[in-house]
Amino acid sequence: MKAIATQLAAIVSPESVLEWEDIDAMRQEHIQGAIASSIAPSCIVYPQTPAELAAVMAYTDSNNWRILVYGSGTKLSWGGLAKNIQVLVSTARLNRLIQHAVGDLTVTVEAGMKFADLQAVLAPTGQFLALDPTAPESATIGGIVATADTNSLRQRYGGVRDQLLGISFVRADGEIVKAGGRVVKNVAGYDLMKLFTGSYGTLGAIAQITLRVYPLPPASGTVTLTGTAEAIAQATSKIRSSALTPTQADLLSSHLVTTIGIGQGLGLMVRFQSLSASVREQTARLVEMGQQLGLQSTTYSDANEADLWQQLQVQIRSPQPMQAVTCKIGVLPATAVATLLYLDQIAPESAIGTIHVGSGLGVIRFDNTNVKANTVLSMRTHCQNQGGYLSVLEAPAVFKQQLDVWGYRGNALDLMRRIKQQFDPKNVLSPQRFVGEI
């Protein structure tokens, strides 16, 4: 095992390779929760330039070593268990700002730049990246793209794919490939930006990313509505068909409503960000709508508003106890309320959930340390019967071994396998981490 680390240190530098025995116990446990192997990886490699990353990957490919590429590790345990990983490659030290074109509203960064650091760079120019990932203080831009990780802001700005303008990545064999901007597709005809968004490191190692940015909104206000499922469903339907333009709009399960202390029953959190007059008018209209439906309403602004959304993030997406099971779901927006009601029915005291009003995408977390696979499968069946899906993002390794993490029932699996074969013919990049054990 030390021989692998020694060989890789010759490519980068001894300071850029951390042997397994030198990793602290807590971090070792975190890594082992993401892989399926009785043998620990040999080391972590930290390339500091795209050229070093390419050299490392070319060398691992020539030796047929299986590798797992990640950034800071906030989403390392998401998805399936990667099998028999021998080398971990971290892009955390590829963290430079390449270009911020203020007038063009674009920014180019290396994959290892942290989301919070990028926002700090953009803020003085009155701009921001319209994503709200899990663990924003430590998540890297490359990891956000690789896992397609954004939450409530998709209501107004769309998902990660909608923000992505260009990408540079390293193939398994070490070749650097670029796409986006003037070169939208490669010779084979793939839209590489879409392929790599949510690919979980199975197609290549993201090295550089170009994203669109937006002006910071001058004012913000949030309204919470709580009450009966029927009234919340009516309010949600009215919002979707109205002229209201929320930045964020989330449905909340009853247990989550109680946990963050905003009322009783199902909940609806709606945020408006625009000119002050527009925010005041839209919040007033939503409060009036809620009153007509018999819902309890509360308006938040300034620090209280920021604290409210932070509480939601902490409850639903922060690092959880080792035994918690966190799932990503997608249902038709019209069936979102029924889905949260079913969650309350099967796990009334041990699960919380939120679903975005516009997209029907959401997150469910089962907290009970004794949560059974059958409970999660029951929730998956319900989502599938509603025309949707449920995938297990994060769970103990032993739990993930009891069921199909992704639960994919579509007809594109053969196509996905052919794409994987073209990009990674030796199957050395995060093997079995993705759908269908790709």
Side-chain angles (χ1 to χ4, degrees), residues 4-5 7-13 16-17 41-73 75-76 82 85-99 108-113 140-148 160 164-181 183-188 190-211 419-431 433-434 438:
I4 293 178
Q7 293 174 64
L8 292 173
I11 296 174
V12 285
S13 69
S16 296
V17 178
S42 66
C43 60
I44 305 175
V45 187
Y46 295 91
Q48 300 192 47
T49 66
E52 284 191 355
L53 175 61
V56 167
M57 294 191 61
Y59 194 79
T60 57
D61 182 69
S62 67
N63 286 278
N64 297 322
W65 293 336
R66 291 173 292 278
I67 68 173
L68 178 59
V69 181
Y70 71 102
S72 63
K75 302 166 187 65
L76 184 62
I85 297 301
Q86 294 163 283
V87 178
L88 296 158
V89 179
S90 171
T91 60
R93 296 181 188 174
L94 276 74
N95 55 14
R96 295 180 303 157
L97 172 70
I98 304 301
Q99 182 184 38
T108 301
V109 299
E110 289 183 332
M113 174 168 260
T140 63
I141 301 299
I144 292 168
V145 173
T147 56
V160 176
L164 193 57
L165 298 175
I167 191 171
S168 169
F169 67 93
V170 181
R171 292 192 334 192
D173 61 3
E175 181 178 345
I176 298 176
V177 181
K178 297 180 180 180
V183 183
V184 177
K185 298 182 180 180
N186 72 352
V187 177
Y190 294 126
D191 185 335
L192 295 179
M193 291 178 290
K194 285 186 172 62
L195 277 179
F196 271 74
T197 302
S199 62
Y200 281 74
T202 57
L203 299 179
I206 299 173
Q208 195 175 106
I209 301 156
T210 299
L211 299 145
I419 292 172
K420 170 69 170 177
Q421 175 65 24
Q422 284 196 303
F423 280 83
D424 179 22
K426 296 181 181 179
N427 194 30
V428 295
L429 298 178
S430 304
R433 192 182 184 195
F434 198 52
I438 291 176

Criterion side-chain contact (heavy atoms from CB on, under 4.5 Å) on Leu203 and Phe434, from CA distance to verdict: CA-CA 10 Å; Leu203 299 179; Phe434 198 52; over 6 Å; no
Trace of the side-chain contact (heavy atoms from CB on, under 4.5 Å) decision for Ile98 with Val109: CA-CA 5 Å; Ile98 304 301; Val109 299; 5.6 Å; no
What do the steps show when you test Val89 against Val56 for side-chain contact (heavy atoms from CB on, under 4.5 Å), and what is the final call? CA-CA 9 Å; Val89 179; Val56 167; 4.2 Å; yes
Test side-chain contact (heavy atoms from CB on, under 4.5 Å) applied to Ile167 and Lys178, step by step: CA-CA 6 Å; Ile167 191 171; Lys178 297 180 180 180; over 6 Å; no
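In this structure, Glu110 contributes its side chain and Arg96 its backbone to a donor-acceptor pair below 3.5 Å. Checked by atom type and distance alone, the side chain of Ser16 never pairs as donor or acceptor with a backbone atom of Pro47 at under 3.5 Å. For the pair Asn95 (side chain) and Gly112 (backbone), a donor-acceptor distance under 3.5 Å is absent.
Looking at residues two or more places apart in sequence or on another chain, you find a side-chain contact (heavy atoms from CB on, under 4.5 Å) between Ser430 and Leu68, Thr202, Arg433. The ring pair (Phe, Tyr, Trp, His ring centres under 6.0 Å) check on Tyr70 picks up nothing, with sequence neighbours excluded. Residues satisfying the side-chain contact (heavy atoms from CB on, under 4.5 Å) criterion with Ser72, sequence neighbours excluded, are Thr74, Ser138, Thr140. For Tyr59, the ring pair (Phe, Tyr, Trp, His ring centres under 6.0 Å) criterion is met by Trp65, not counting sequence neighbours. A search for side-chain contact (heavy atoms from CB on, under 4.5 Å) contacts involving Glu175 returns Arg171, Asp173, Val177, not counting sequence neighbours.
Here the OG1 atom belonging to Thr60 is positioned 10.0 Å from the CD1 atom belonging to Ile4, to the nearest 0.5 angstrom. The distance from the CD1 atom of Ile141 to the CG atom of Leu94 is 13.5 Å, given to the nearest 0.5 Å.
Here the side chains of Val170 and Pro50 are not in contact, with every heavy-atom distance at 4.5 Å or above. Using a 4.5 Å cut-off on side-chain heavy atoms (C-beta onward), Ile144 and Val160 make contact. The shortest side-chain heavy-atom distance between Pro41 and Gln86 does not fall under the 4.5 Å cut-off. Considering only heavy atoms from C-beta on, Phe196 comes within 4.5 Å of Ile206 through its side chain. Counting heavy atoms from C-beta outward, Val87 and Val45 have side chains that approach closer than 4.5 Å. At least one side-chain heavy atom of Cys43 sits less than 4.5 Å from a side-chain heavy atom of Leu8. Between Asn427 and Lys420 the shortest side-chain heavy-atom distance falls below 4.5 Å. Side-chain atoms of Thr147 and Tyr200, non-hydrogen and from C-beta on, do get closer than 4.5 Å to each other.
Considering every non-hydrogen atom in both Gly143 and Lys75, the closest pair reads O-CD, 4.1 Å. The two residues Ser90 and Gly71 make their nearest non-hydrogen contact at OG-O, 2.9 Å. The heavy-atom pair separating Met193 from Gly166 by the smallest distance is SD-N, 3.3 Å. Of all heavy-atom pairs between Thr197 and Ala148, the closest is CG2-CB, 3.8 Å. Taking every heavy atom of both residues into account, Ala172 and Phe423 meet most closely at CB-O, 4.1 Å.
Screening residues 41-64 for salt bridge (charged side-chain N to carboxylate O under 4.0 Å, His left out), with sequence neighbours left out, gives Asp61-Lys426.
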